[in-house]
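These notes concern the structure reproduced below.
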Amino acid sequence: MDQAFQAVGEHGPFQKMTIIIVSISSLLVTIYTLSFSYLTKLPEFLCKDTSFPNAQFHECKYSQELCNSNIEMIKNPETSVKNWAYDFDLYCSREYYNDLISTSFFTGGIIGTITFSSLPDKYGRKKLFQFLLCVSCFLHLNLFLIISPIHMMFVYFLGGFFSFAYGMCFYIVSEYLPSSITGTVMGILNALYPLGGIFIGLFFIYVNSWRMLYFIFFIFHVLITYLTLKYFTESPRWLNAM
């Protein structure tokens, strides 16, 4: 296959578009994974001891002991991360939702990987990758429109289930690109991990809106899906093996 790549050109439009698709996909999954620590971060609070009639609100650190005491707690909008824990009050008696939501994603990921792992070998890379990206667009639109923790758990489970799309990026790099540049491309994809961490940190410092984050994810998924549906072809190595 490397001889075929040399004949048609190793660095043509097809290879460039492939690199763009896998790079954006890898960056999104990096941001998606690293965002968990921000999305589950508990709010900062202002507290007042109701046993004293003239007590004033003051900044305080969250603890379960505060939840079970006579301390009145209100969320501090100035210092809190505006995430799902903030908007859906996932603290005190509802704090367990944070663990269930993240667990649902990884549970879906395990089941999805087992389900989809053999399908690229049977049906090829192109159709399955395109299908998974189309589903991801729908799921990320749902994440933007989340209305409750139960809704979030369900969508996160499906998100993990269909996340095999990102695992297919490794198929694509190894099979769609000539061996002379696969190491370089993998290095770029690995470098996107710290870049995703920088992005998510700056995003919550300056934007601080989880719905806006998911809306950005949705827009980028639409872009990747469009590029994949229009320009993506079947793996030449898979076709040769068949």
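Computed from a prediction, not measured in an experiment: that's the story for all the values here.
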message: Please tell me whether Ile24 and Ile188 are part of a single hydrophobic cluster in this structure, the criterion being side-chain heavy atoms less than 4.5 Å apart.
response: no
field: Stepwise side-chain contact (heavy atoms from CB on, under 4.5 Å) test for Phe218 and Val222
entry: CA-CA 6 Å; Phe218 170 67; Val222 171; 3.8 Å; yes
field: Gln64 side, atom CD; Ser93 side, atom OG - distance, nearest 0.5 Å
entry: 8.5 Å
pair Leu90-Glu95: side-chain heavy atoms closer than 4.5 Å: no
field: Listed partners of Cys134 passing disulfide (SG to SG under 2.5 Å), at least two apart
entry: none
message: So for atom CZ, which belongs to Phe138, do other residues, nucleotides or ligands contribute more than 12 heavy atoms lying within a distance under 6.0 Å?
response: no
- prompt: Which pair of heavy atoms, one from Leu192 and one from Ser26, lies closest together, and at what distance?
  reply: CD1-CB, 4.2 Å
statement: Correct closest heavy-atom pair for Val173 and Thr182 would be O-CG2, 3.2 Å
- prompt: To which residues is Met73 joined in a hydrophobic cluster, defined by side-chain heavy-atom contacts under 4.5 Å among Ile, Leu, Val, Met, Phe, Trp and Tyr, whether direct or through other members?
  reply: Leu42, Phe45, Tyr62, Leu66, Ile71, Tyr91
- request: Please report the closest heavy-atom contact between Ala85 and Pro43, naming both atoms and the distance.
  value: O-CG, 4.2 Å
query: Within a reach of under 6.0 Å around OH of Tyr96, are more than 12 heavy atoms found that belong to other residues, nucleotides or ligands?
result: yes
query: Taking the side chain as C-beta and beyond, is there a heavy-atom pair between Phe88 and Tyr97 under 4.5 Å?
result: no
- request: Decide yes or no for Tyr171 and Phe129: does some side-chain heavy atom of the first lie under 4.5 Å from some side-chain heavy atom of the second?
  value: no
statement: Between the OG atom in Ser80 and the CD atom in Glu44, the distance rounded to the nearest 0.5 Å is 5.5 Å
In one Ile/Leu/Val/Met/Phe/Trp/Tyr side-chain cluster, 4.5 Å: Leu128, Val29: no
message: With a 4.5 Å cut-off on side-chain heavy atoms, are Phe199 and Leu213 touching?
response: yes
task: Identify whether Ile198 and Ile205 are in the same connected component of the hydrophobic contact network (ILVMFWY, side-chain heavy atoms under 4.5 Å).
output: yes
- prompt: Less than 4.0 Å between a side-chain N and a carboxylate O, is that true for Arg125 and Glu234?
  reply: no
Distance-only donor-acceptor check, side chains Thr79 and Asn76, under 3.5 Å: yes
field: Steps toward ring-ring contact (aromatic ring centres under 6.0 Å, His included) verdict (Phe215, Phe144)
entry: CA-CA 6 Å; Phe215 182 73; Phe144 170 68; 5.3 Å; yes
Minimum side-chain heavy-atom gap Leu158-Val135 below 4.5 Å: no
field: Any donor-acceptor pair under 3.5 Å from Ser163 side chain to Gly160 backbone
entry: yes
statement: Here the pair of heavy atoms bringing Leu34 nearest to Ser37 is O-OG, 3.2 Å
Heavy-atom side-chain contact between His58 and Leu46 under 4.5 Å: no
- prompt: Of the non-hydrogen atoms in Gln130 and Leu229, which two are nearest, and what is the gap between them?
  reply: NE2-CA, 3.6 Å
message: For the aromatic rings, using the six-membered ring if either is Trp, is the centroid distance between Trp84 and Tyr38 under 6.0 Å?
response: no
message: With rounding to the nearest 0.5 angstrom, report the OG1 to CZ distance, Thr113 to Phe116.
response: 9.5 Å
statement: One should read off an interatomic distance between Ile101 CD1 and Phe106 CZ, to the nearest 0.5 angstrom, of 12.5 Å
query: Where is the tightest heavy-atom contact between Ser235 and Tyr176, given as atom of each residue plus distance?
result: N-OH, 3.0 Å
Partner of Phe105 under ring pair (Phe, Tyr, Trp, His ring centres under 6.0 Å), chosen from Phe161, Phe157, Phe36: Phe36
- prompt: When rounded to the nearest 0.5 angstrom, what is the spacing between CG in Leu143 and CZ in Arg211?
  reply: 10.0 Å
Aromatic contact, His140 with Tyr32 (centres under 6.0 Å): yes
- prompt: Parallel, tilted or perpendicular: which describes the rings of Tyr214 and Tyr156, with under 30° parallel and over 60° perpendicular?
  reply: perpendicular
field: Hphob cluster co-occupancy, Leu139 + Met212, side-chain heavy atoms under 4.5 angstrom
entry: yes
field: Heavy-atom side-chain proximity of Asn208 to Val81 below 4.5 angstrom
entry: yes
query: Is any side-chain heavy atom of Phe170 less than 4.5 Å from a side-chain heavy atom of Leu189?
result: no
- prompt: Out of curiosity, does Tyr166 fall in the hydrophobic cluster containing Leu27 (side-chain heavy atoms, cut-off under 4.5 Å, transitive links)?
  reply: no
- prompt: At what distance, to the nearest 0.5 angstrom, does CG of Asn142 lie from SG of Cys137?
  reply: 12.0 Å
- prompt: Within 45° of the six-membered ring axis of Tyr86 and under 6.0 Å from that ring's centre, is NZ or CZ of Lys82 located there?
  reply: yes
